[in-house]
There are 2 protein chains.
Amino acid sequence: MVATSELLDAFGAAGYRLTGPRRALAEVIASREDHFTAEELLAESGRRRLGLGRATVFRALDTLTELGVVERLDLPTGEHAFVTCEPTHHHHVVCSSCGRSTPISDDGVADLAAKVEASTGYRVDTHRLEVFGLCPQCSPES
Amino acid sequence: MVATSELLDAFGAAGYRLTGPRRALAEVIASREDHFTAEELLAESGRRRLGLGRATVFRALDTLTELGVVERLDLPTGEHAFVTCEPTHHHHVVCSSCGRSTPISDDGVADLAAKVEASTGYRVDTHRLEVFGLCPQCSPES
DNA sequence: ATTTTTGCAAACCTTTTGCATGGAA
DNA sequence: TTCCATGCAAAAGGTTTGCAAAAAT
């Protein structure tokens, strides 16, 4: 969950132009609070008559991913989805029922990386953690 | 890294038939010590004149994944790859230079899952950790 | 004016499916 | 002999690309 302006600022700060399609897309993304696929954004943009081209959506997602305001997830089903995120958080729990996602701090994971270095001898430089489960709203006893 | 027979046993134990193509594929997989994609197995099977069909490779990988002797990875590049693994280990460090992979015990990760439950209220049921780095052989100072 | 960005459509790549044939049990 | 597994080729997804037109700086 991120404001439209944060997405636009990310484009601006990195020297990308603030075009109509990018503004439109930023709004579509900001209006979602769970994860989304490129195809979903495309469909939504069609519904709202924003007329975004497929290529534009993919290119923008790519850019936003590089800028760190969006992150690509690989769901257990193999689908590629995206979530918006603060540049400092690096992981998410995603609800397997409603798709909502919540950031997790990287602390524990960093420790883990250190352990891995110690036990395997690898020089770790990237990691990706994806946690799936039921969010409080979707839990049976809530 | 896994023996051909382990792969075959997995098929057998689960009630799948031990067919020629499955034997052939098991050997191709066993001969690889790093991760591999479906396409690579296909290419290798072509080179060895094993004549495996594309569908067969995908179906077999799917089955082996369900049986837990193979695991699907999503590399940072977005590629889908597979590694063989013992059914009890659930994570890997993979070398970004040579592709070799080493299993990591799940211990620390399980703790992490508990922390996540506590801090977010999610009921965690699956997680996926992928760690990337340089293996000892590919490290600059080795 | 210059350079980036867009949309379109086609190309691409990977994975899946339908179905008749072949092979295991 | 029965049912599972295979191969083929086509279909289906999802993502990328080339290029001329449009928009931002």
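All heavy atoms count here, side chains included; hydrogens, waters and symmetry mates do not. Chain A is the first sequence line, chain B the second, and so forth, proteins listed ahead of strands; every chain is numbered from 1.
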- Toward the 5' end of DNA chain C, which comes first, Ala38(B) or Arg54(A), by nearest nucleotide? Arg54(A)

- Task: Starting from C1' on dT6(C), measure out to CG on Leu41(A) and report it in whole angstrom.
- Result: 17 Å

- Note on the structure: Rounded to whole Å, CG of Asp62(A) lies from C1' of dT5(C) at a distance of 14 Å

- Please state how far atom CD in Glu40(B) lies from atom C1' in dC13(C), giving the value in whole angstrom units. 14 Å

- Can you find a side chain N or O atom of Arg22(A) that sits less than 4.0 Å from OP1 or OP2 on dA23(D)? no

- Checking only heavy atoms, does the side chain of Arg17(B) share a donor-acceptor pair with the base of dC3(D) at less than 3.5 Å? yes

- Message: Given dT25(D), dG7(C), dT15(C), identify the nucleotide with an atom nearest to the side chain of Leu18(A).
- Response: dT25(D)

- Query: Rounded to whole angstrom units, what separation is found between the CZ atom of Phe11(A) and the C1' atom of dT25(D)?
  - Reply: 17 Å

- Message: Using the side-chain heavy atoms of Tyr16(B), tell me which of these nucleotides is nearest: dT6(D), dT16(D), dA5(D).
- Response: dA5(D)

- Classify the ring geometry between His91(B) and His127(B) as parallel (under 30°), tilted (30 to 60°) or perpendicular (over 60°). parallel

- Task: State yes or no: do Leu64(B) and Leu73(B) share one hydrophobic cluster built from I, L, V, M, F, W and Y residues joined by side-chain heavy-atom distances below 4.5 Å, directly or via other members?
- Result: no

- Note on the structure: The answer to which of Thr19(B) and Glu39(B) contacts DNA chain C further toward the 5' end, by nearest nucleotide, is Glu39(B)

- Arg23(B) bridged to Glu27(B) by N-O distance under 4.0 Å: no

- Message: Salt bridge check, Glu33(B) against Arg100(B): does any charged N sit closer than 4.0 Å to a carboxylate O?
- Response: yes

- Separation of dT6(D) atom P from Leu50(B) atom CG, nearest Å, is 14 Å

- Task: Quickly work out the Phe58(A) CZ to dT6(C) P distance and round it to whole Å.
- Result: 15 Å

- Task: Whole angstrom is fine here: how far is it from CG in Leu52(A) over to P in dA22(D)?
- Result: 18 Å

- Query: Would you call the rings of Phe36(B) and Phe82(B) parallel, tilted or perpendicular if under 30° counts as parallel and over 60° as perpendicular?
  - Reply: parallel

- Message: Counting only side-chain nitrogens and oxygens, does His80(B) get under 4.0 Å of the OP1 or OP2 atom of dT15(C)?
- Response: yes

- Task: Using whole Å, report how far CG of Leu25(A) lies from P of dT5(C).
- Result: 14 Å

